Every structure is written in structure tokens, then in C-alpha cells.
J.: 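This is the structure I want to talk about, given as C-alpha cells.
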Amino acid sequence: MIEGTEGLFARTEEFPNSLAQARLVALVGLDDLIDRLVTDAVALLDPTVIQQWSRAMHGEIIPAINALADRTPLLVFAGDVGVGKTEVAEVIGQAIAIRTDTDVTLYPLSLTARGRGAVGEMTTLLTRAFERITADFARARRSDGTASSLGVLLVDEADALAQSRELAQMHHEDRAGVNALLRGIDGMRIDRLPVLTILCTNRIDALDPAVQRRAATVEVFERPTHAQRAALLTRLLSGTKLSPADIDALASATGENAGRTYSYTYSDLRQRLVPEIILAAYRQGVAVDSVIARDVLARTLPTRPFEAERR
Ligand SMILES: Nc1ncnc2c1ncn2[C@@H]1O[C@H](COP(=O)(O)OP(=O)(O)O)[C@@H](O)[C@H]1O
Ligand SMILES: [Mg+2]
């Protein structure tokens with residue numbers, strides 16, 4: 001069944017807003033990454049920024065600037081489940097809004113939740129999403145090239161596209177989902193819409209090469225390092241009886257070890273380990289201490305990477 005555009009996006013969100021700011025601040029160890037992504041995004045969305053730089057550095061707008069203007073404002077976020085792709089994609093609009101002092105609207109589209117299975121359904125979903133965004137931003141570009149408002153289209157769980165491609169081949173149909181995506185992002189580039197598209201995938205190898213080629217940046221998110229795990233655990237477990245040394249031991253225990261080539265992900269720590277520790281202490285009616293933490297850790301294992309990525 002084809003739906004109207006009201007139900008198209010999970011929920012659009014306007015930046016800046018205080019909730020998004022809190023989520024942005026809660027991210028641990030990603031300051032440099034987010035800073036770099038915002039710089040890239042702003043350069044892709046607003047050509048006047050690069051032009052100003054060129055004038056300042058070279059005394060004129062050098063020809064190479066034009067090549068840059070033709071780049072697709074597409075970022076691909078890749079990496080294991082639980083490493084922060086969706087979270088960063090959902091809050092980067094906040095950082096862009098602050099940096100540019102311009103209102104940003106997020107349009108989140110999850111392909112897994114909506115279009116799984118039926119190839120035609122996903123194609124329709126993508127086509128309608130691009131139509132809606134084109135309508136919303138058709139007049140957002142001012143005559144001097146700057147934008148009165150910016151958009152972020154988040155295509156999350158884009159692995160579903162690869163699945164649709166495999167399915168389509170099975171049914172000797174055409175690569176309809178991927179083509180709808182390519183048509184959409186190419187159309188936005190040609191129309192110079194001030195909209196950044198972010199595509200998240202857990203399996204970069206399964207993403208269509210034509211999509212990858214268009215990406216201005218392919219950012220591979222990694223599992224947290226020891227320092228990042230320690231920083232996150234310190235934040236999440238502040239006020240408990242865990243000492244800095246206990247936290248450091250937990251950070252070590254959640255890293256790679258002799259029997260395991262991968263560490264805990266951000267979500268393993270934030271959505272599984274820490275809540276389990278709290279619940280365990282609560283059930284026993286005691287304070288959170290290192291004994292409980294170690295006990296829960298022993299039965300809370302990290303998410304395994306995908307086979308393809310471990311080879
Ligand atoms: N750098 C980080 N600091 C703190 N929490 C994080 C970080 N990255 C991810 N998380 C948390 O981990 C969980 C999973 O992140 P998510 O973005 O959904 O992962 P992915 O989309 O890569 O599977 C979320 O609760 C998110 O807030
Ligand atoms: Mg995700």
C-alpha cells in the first residue's frame with residue numbers, strides 16, 4: 001500500500017534544539033570526527049564558504065573550486081552495529097546548525113523498518129522522500145549561493161538496499177531501489193538543493209559501487225578505544241562506588257583480549273552492560289561496586305562483528 005507523505009519519515013526534527021544538543025554532548029570520543037564531518041558538510045552545502053577561503057588564500061576563486069561544487073553532498077557512514085553511526089547522523093544537524101547559524105531539518109528514513117521485502121515499496125518510499133525534500137528546499141538557495149535553511153536526509157539501515165538488489169536479481173527485476181536512490185541524490189545535486197544525504201550501512205561491502213563512488217566522504221566508524229571506553233564508563237557510572245581504577249579495569253576487560261579480536265561497542269556498553277549492572281545491583285538491593293560490575297560483565301558479551309569484516 002502506498003502511503004501519503006505524512007507517514008513518510010519517522011519524524012522530522014528541527015535544529016538547533018536542546019535535546020539534540022544534549023545528545024551531541026553525550027557522545028564520547030567523537031569530537032574530532034564530528035568537527036571534520038561538519039566542516040565537510042558545510043563546504044558541500046554552502047559553496048560561498050570555500051569561495052571565501054579561496055579569495056583569502058589565493059586572491060581569487062581558483063578554478064578547482066568549481067570541481068568541488070559538482071560534488072554530491074553525500075556522506076556514507078559505515079561500521080559495525082552499535083558504533084554510533086545512527087546517533088551521529090541524527091545529531092549532526094545540530095552541530096551544522098550551530099556552526100552555520102542556520103536552521104536545519106532532519107528527515108530520517110529507515111529502510112529496514114519500512115521497506116523490507118517488497119522492492120517496489122522501497123522504491124516508492126525513496127522516490128517520495130526525494131519529492132518531498134525537493135519541494136521543501138526548492139526555494140532555500142539564495143541568489144548568492146548561500147542557503148536560508150538546510151536539510152539532512154538520513155537513509156539509515158541502507159543494507160536493505162543491497163538486500164533489495166539481491167532480491168531483485170533473483171526476480172530478474174531491475175535494481176529499482178538503488179536506482180531510485182541514485183536518481184534522488186543526483187537530482188538534488190543538479191538542483192543544488194542545500195541538503196546533505198547521509199547513508200548508514202553495517203556492511204560497506206554490500207553497498208552499491210555507484211552509490212559509494214558518489215560519496216564525498218566514506219567514514220568508517222570504529223569500536224571505541226580503551227580511552228573512549230573509559231571515558232564513556234566514567235560518565236555512565238559516575239556516583240557509584242566504582243573507583244577510577246575499577247573503571248580502568250572495566251575498560252580493559254571490555255577491550256580486545258587473548259580470546260577475542262574485537263572490543264565492546266558503544267552500544268554494548270551503554271545499552272547493555274551498564275543497564276545490566278544497575279539492574280543487578282537494584283535486584284540485590286545493594287550499591288553498584290566492582291564485584292557486581294565484574295559479575296555482570298562475565299555474562300554480557302560484546303556484539304560480534306560481521307563475518308566479512310573479520311576476514
Ligand atoms: N561515541 C559515543 N559515545 C557515547 N555513546 C555512543 C557513542 N556512539 C554510540 N553511542 C551509543 O550507542 C548506541 C548505539 O549507537 P548507534 O548510533 O545506534 O549505532 P549504529 O547506528 O552504528 O549501529 C546509542 O545508544 C548511542 O547513543
Ligand atoms: Mg544504526
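Atoms within each ligand, like the ligands themselves, are counted from 1 in listed order. Just so we're clear, the structure is a prediction, and the values are computed from it rather than from any experiment.
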J.: Strictly under 2.8 Å, is the Mg ion (ligand 2) approached by any N, O or S atom of Thr86?
T.: yes
J.: To check your reading of the model: name the closest protein heavy atom to atom 4 (C) of ligand 1, its residue, and the distance in Å.
T.: Arg270 NH1, 3.3 Å
J.: Heavy-atom distance to atom 25 (O) of ligand 1: which of Arg272, Gln271, Arg235, Lys85 wins?
T.: Gln271
J.: Closest non-hydrogen protein atom to atom 10 (N) of ligand 1, residue and atom name please, with distance?
T.: Tyr266 CB, 3.5 Å
J.: When you look at Thr86 and Asp156, which way does the side chain to side chain donor-acceptor pair (under 3.5 Å) test go after all the steps?
T.: CA-CA 7 Å; Thr86 300; Asp156 207 356; 2.8 Å; yes
J.: Less than 3.5 Å apart, any donor N or O on the side chain of Asn17 or Gln21 sitting next to an acceptor on the other?
T.: no
J.: For Arg99 and Thr39, which I'm curious about, is there any donor-acceptor pair between the side chains at under 3.5 Å?
T.: yes
J.: Name the closest protein heavy atom to atom 18 (O) of ligand 1, giving the residue it belongs to and the distance to 0.1 Å.
T.: Thr86 CB, 3.8 Å
J.: In this structure, does ligand 1 have an atom that sits under 4.0 Å from one of the heavy atoms of Gly82?
T.: yes
J.: So is Ala26 close enough to ligand 1, meaning a heavy atom under 4.0 angstrom away?
T.: yes
J.: List every atom of ligand 1 that sits less than 4.0 Å from any heavy atom of Ser267, numbering the atoms from 1 in the order shown and giving each element.
T.: 12 (O), 13 (C), 14 (C)
J.: Please identify which atoms of ligand 1 are closer than 4.0 Å to at least one heavy atom of Leu30.
T.: 1 (N)
J.: Among the heavy atoms of Asp80, does any lie under 4.0 Å from an atom of ligand 1?
T.: yes
J.: Quick check: does any side chain N or O of Arg11 sit under 3.5 Å from a backbone N or O of Tyr107, one acting as donor and the other as acceptor?
T.: no
J.: Assess the residue pair Arg223 and Tyr266 against the criterion (side chain to side chain contact (heavy atoms under 4.5 Å, CB included)); give the C-alpha distance rounded to whole Å, side-chain angles, the decisive distance to 0.1 Å, and a yes or no.
T.: CA-CA 7 Å; Arg223 291 178 184 233; Tyr266 282 105; over 6 Å; no
J.: So, Gln228 side chain and Thr225 main chain: donor-acceptor pair closer than 3.5 Å or not?
T.: yes
J.: Quick one: nearest non-hydrogen protein atom to atom 17 (O) of ligand 1, plus distance?
T.: Glu87 N, 2.8 Å
J.: Has Thr102 got a side-chain atom pairing as donor or acceptor with Thr100's backbone, closer than 3.5 angstrom?
T.: yes
J.: Going by the side-chain contact (heavy atoms from CB on, under 4.5 Å) test, name the single residue among Leu301, Val296, Leu236, Asp268 that passes it with Leu273.
T.: Val296
J.: Mind checking whether Val28 has an N or O less than 3.5 Å away from an N or O of ligand 1?
T.: yes
J.: Under 3.5 Å, is there a donor on one side chain and an acceptor on the other for Glu276 and Thr300?
T.: no
J.: What do you reckon, does Leu232 have a nitrogen or oxygen under 3.5 Å from a nitrogen or oxygen of ligand 1?
T.: no
J.: Let me see the working for Thr105 and Val152 under side chain to side chain contact (heavy atoms under 4.5 Å, CB included), right down to the final yes or no.
T.: CA-CA 6 Å; Thr105 306; Val152 175; over 6 Å; no
J.: N/O of Val83 under 3.5 Å from N/O of ligand 1, yes or no?
T.: yes
J.: With a cut-off of 4.0 Å, which atoms of ligand 1 are near a heavy atom of Gly84?
T.: 8 (N), 9 (C), 15 (O), 16 (P), 17 (O), 19 (O), 20 (P), 22 (O)
